[in-house]
2 protein chains.
Amino acid sequence: MPYVSEKNLGRLSLYRRLLNRLQAEGIRNIYSHELARMAGGTAAQVRRDLMAVGSLGSPKRGYSVRELIESIGIFLDAPHGEGAAIVGVGNLGRAIMAYFAGRRPRLSIVAAFDSDPSKVNRVIHGCRCYPVEDIERVVREEGVNVAIITVPAREAQATAETLVRAGVRGLLNFAPVPLRVGPDVYVEDIDMTMALEKVAYFARRGGAVEEITK
Amino acid sequence: MPYVSEKNLGRLSLYRRLLNRLQAEGIRNIYSHELARMAGGTAAQVRRDLMAVGSLGSPKRGYSVRELIESIGIFLDAPHGEGAAIVGVGNLGRAIMAYFAGRRPRLSIVAAFDSDPSKVNRVIHGCRCYPVEDIERVVREEGVNVAIITVPAREAQATAETLVRAGVRGLLNFAPVPLRVGPDVYVEDIDMTMALEKVAYFARRGGAVEEITK
DNA sequence: GTCACACTGTGAATTCTTTCACATACTATA
DNA sequence: TATAGTATGTGAAAGAATTCACAGTGTGAC
Ligand SMILES: NC(=O)c1ccc[n+]([C@@H]2O[C@H](COP(=O)([O-])OP(=O)(O)OC[C@H]3O[C@@H](n4cnc5c(N)ncnc54)[C@H](O)[C@@H]3O)[C@@H](O)[C@H]2O)c1
Ligand SMILES: NC(=O)c1ccc[n+]([C@@H]2O[C@H](COP(=O)([O-])OP(=O)(O)OC[C@H]3O[C@@H](n4cnc5c(N)ncnc54)[C@H](O)[C@@H]3O)[C@@H](O)[C@H]2O)c1
C-alpha cells in the first residue's frame, strides 16, 4: 500500500465526501479541475492525491465517480468496518455522538464512557454509555481501535493512558492539552481555541493569502 | 509585523496556552526544550517560532514566562479585544458557546444567530441569540470581524455569504462543506469526519510516524 | 480511419517547513 | 574580574509539499 502523508489522506477523505454528494446528484464523471474547485485546491494536487489510490482517470472523460469512491474506500476504510469509542459525554461529546449517529456505516461510535453516574447505563443517540471502569473490558470486547476524547482537560492524559492500555491505537483529542502517548499511537488534536485565534489573526491581516479565488 | 505561516501561528497560540498554565503554577522561566516537550515539538522549532514575536530569551535562564505571554499577546491579539459571532445554535453551536463563555477576554462570542424562532431572543450561555435577519445589522453594530458557522451543511454557503456581506473577514467553519468566499476572507475548516477517518487510517497502519517519543 | 484536442499521470522544479549546527551572549562562580 | 558552561538566535542545509509542464492517450468529430 503506498505511503500517504497526513494531508494527502485528509484530502482523500474530503474528496470522497464531495464525490458521494455528486453521486447522489446523479453525476457519473468528473475532471480533476472540477474536483479541485469543489475542494478548494488545484487540479494538479487532486491528480497527485489520487495517485495514492491508483489513478483511474481517462482523458476526455475524467474520473468515474463510482470507481473513485470505491477506490478511495478500499484505501481508507477498514476492510470490515470499524467501531470507535468516545469518552466524556458532556456538551461536546453528546453533540459529536449526535453527529456521527447513523452516518458512516464503516466508522461509527459503538461505545460511550463517562465518570458521571447519572450518565452511565443510558443509551444516548443510539449508543450505550458505560462507566469509565468498563473502558478496558468494552474496548477489548468490541475490538475498538480508535477513540474520541471529550473529557475535561485535566482528565485527558489519564483517559488517554487508560485507552491506550486497553488497546486503542488512534485518538481524536478535543481537550486543549497535548497528549503524551507512545510512538505507536496516532493522535489528532482538534483545538478550537487555536483555530479561532488563527482565524481572528488572519482575518485582521488582510484576509486569506490562499483562498479559492478563481 | 513579521510574516508568520499558519502553522507558525497555530503553535504560538498553543505555546501561549501552555505558558498560561505554567504561570498559574508559579513557574517564571522556561527553556525552549521544555516548551518543546510540552508542545510536542523540537527546541529548534520553538525558538524559530518565537522569532516572530521578537525573541527575548536569555542563555542560562531561558525565557521569562510572563514576558513571553505578553509578547505573544501583542502579536496575536487584536489591540482592543475582538468579538466573534456564531451562527447556528444547535448541538454543536451550544457546546461551543459554553466552551468559550467567559474564557478568553480578548476574543469572545458576542452574538449568536439562529433561524429557529424558538431559539431567538433568548440568552444562551451569556450571549444573546438573534434571528438571522439581524446578522447584517448586529455584525456591523458590534464590529464583528470573525464568525463561527455551525449551521447544517446545506445552509453553510448562504450563511457564509451573508456574513461576508455584513463585513466578516474570518470564518471558522464546522459544516462539512468547503466554503466559497472571496480572497479577502480567511476560512478555517474543522472537519471532524476527516479527522476521525485520518485517525482510523493511521491507527490501523502502525500508529504514529511522528509522536512525542522522547 | 485518422486527426485534433483536452485531460491524465508524473518527473522535475519550486516553494514552504523543519532541522542542524554554531557563533554569540549571559550567568554563576570563584 | 576572569572563566566555564549552557542556551539562545539564526544562517544554511535538509526534507516535505505543492506546482509546473509536458509526454502519452483515449475520445469524438468527421
Ligand atoms: N464544548 C466545546 O465546544 C469544546 C470546544 C473545545 C474543546 N472542548 C474540550 O472538550 C472537552 C469536553 O468539553 P465539554 O464542553 O463537553 O465539557 P463537559 O463538562 O460538558 O463534559 C465533560 C464530560 O466528561 C465527563 N468526565 C469528566 N471526567 C471524566 C473522566 N475521567 N472519565 C470519563 N468522563 C469524564 C463529565 O462527566 C462530563 O460528562 C474539554 O476538555 C473541553 O476543553 C470543548
Ligand atoms: N454536532 C457535531 O458534533 C458536529 C460535528 C461536525 C460537524 N458538525 C456540523 O456542524 C453543523 C451543526 O451541527 P449540529 O449538530 O449543531 O446541528 P443542529 O441541527 O443541532 O443545529 C443546527 C442549528 O442551525 C440552525 N439553523 C438552520 N439553518 C439555519 C440558518 N440558515 N441560519 C441560522 N441558523 C440555522 C438550526 O435551527 C439549529 O439550531 C452541521 O453542519 C454539522 O454537519 C456538527
Side-chain angles (χ1 to χ4, degrees), chain A residues 2-15 19 27-65 67-68 71-72 75 194 198 202 208-214, chain B residues 2-15 19 22 27-65 67-68 71-72 75 178 194 198 202 208-214:
Chain A
Y3 166 82
V4 281
S5 71
E6 289 188 40
K7 291 189 167 184
N8 230 286
L9 195 98
R11 286 190 299 260
L12 286 174
S13 163
L14 171 61
Y15 299 153
L19 289 164
I27 289 161
R28 302 184 154 251
N29 291 282
I30 188 165
Y31 296 123
S32 61
H33 66 263
E34 296 176 300
L35 198 48
R37 175 168 247 277
M38 284 187 282
T42 67
Q45 181 154 75
V46 169
R47 295 202 300 276
R48 173 94 37 210
D49 288 335
L50 292 181
M51 284 176 72
V53 303
S55 296
L56 10 76
S58 99
K60 253 323 188 249
R61 204 180 301 166
Y63 300 86
S64 151
V65 171
E67 280 180 35
L68 257 198
S71 304
I72 295 176
F75 188 81
M194 180 199 289
K198 258 170 82 167
F202 287 110
V209 185
E210 39 70 66
E211 258 348 280
I212 315 150
T213 313
K214 200 177 56 181
Chain B
Y3 167 81
V4 280
S5 70
E6 289 187 39
K7 292 188 169 186
N8 230 288
L9 194 96
R11 284 189 302 259
L12 287 174
S13 162
L14 172 61
Y15 299 152
L19 289 164
L22 290 172
I27 290 162
R28 303 187 152 249
N29 291 283
I30 187 164
Y31 296 123
S32 60
H33 65 264
E34 296 175 301
L35 198 48
R37 175 168 246 278
M38 283 189 282
T42 68
Q45 182 155 74
V46 169
R47 295 202 300 275
R48 172 82 54 200
D49 287 336
L50 293 181
M51 284 175 73
V53 304
S55 296
L56 10 79
S58 100
K60 257 311 189 254
R61 205 181 300 166
Y63 300 86
S64 151
V65 171
E67 281 180 33
L68 256 197
S71 303
I72 295 175
F75 187 82
M194 180 198 288
K198 257 170 83 168
F202 287 110
V209 185
E210 39 71 65
E211 259 349 280
I212 316 150
T213 313
K214 202 176 49 180

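Because the structure is a prediction, the values reported are computed rather than measured. Lettering of chains follows the sequences in order, A, B, ..., and the numbering in each one begins at 1.
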* **Segment of DNA chain C, first to last nucleotide, that comes within the 4.0 Å heavy-atom reach of chain B** => C:dT17 to C:dT27
In whole Å, what is the span from the [atom1] atom of [X] to the [atom2] atom of [N]?
X       : N      : atom1 : atom2 : result
B:Asn29 : D:dT6  : CG    : C1'   : 15 Å
A:Lys7  : D:dA17 : NZ    : P     : 7 Å
B:Leu35 : D:dA7  : CG    : C1'   : 14 Å
B:Asp49 : D:dG9  : CG    : P     : 12 Å
B:Met51 : D:dG9  : CE    : P     : 9 Å
A:Gln45 : D:dA16 : CD    : C1'   : 13 Å
B:Glu6  : D:dA17 : CD    : P     : 16 Å

* Asked: To the nearest 0.5 Å, what is the distance between OG (B:Ser32) and CZ (B:Arg48)?
  ->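 The distance works out to 12.5 Å.
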* To do: Give, for atom NZ of B:Lys198 and atom CG of A:Asn8, the distance between the pair rounded to the nearest 0.5 Å.
  =>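 It comes to 10.5 Å.
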* Nearest non-hydrogen partners of A:Leu19 and A:Val65, listed with the distance ->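 Answer, listing the atom of A:Leu19 first, then A:Val65: O-CG1, 3.6 Å.
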* To do: Nearest-nucleotide wise, let me know which of B:Arg48 and B:Ile30 is further upstream toward the 5' end of DNA chain D.
  =>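 Final value for this comparison: B:Ile30.
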* 5′-ward residue of the pair A:Lys60/A:Thr42 relative to DNA chain D ->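 Comparing both residues, the 5'-ward one is A:Thr42.
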Compare all side-chain heavy atoms of [X] with those of [Y] and state whether any distance is below 4.5 angstrom.
X       : Y       : value
A:Leu35 : A:Tyr63 : no
A:Leu9  : A:Phe75 : yes
A:Tyr15 : A:Leu12 : yes

* Asked: Which one, D:dG9, D:dT25, D:dT6, comes nearest to the side chain of B:Arg47?
  -> D:dG9
* For D:dT27, take OP1 and OP2 only and decide whether either is under 4.0 Å from a side-chain N or O of A:Arg61. =>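 Yes, within the criterion.
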* Is any side-chain N or O of B:Ser58 closer than 4.0 Å to OP1 or OP2 of D:dT8? -> no
* Asked: Step by step, would you call A:Ile30 with A:Met38 a side-chain contact (heavy atoms from CB on, under 4.5 Å)?
  -> CA-CA 11 Å; A:Ile30 188 165; A:Met38 284 187 282; 3.2 Å; yes
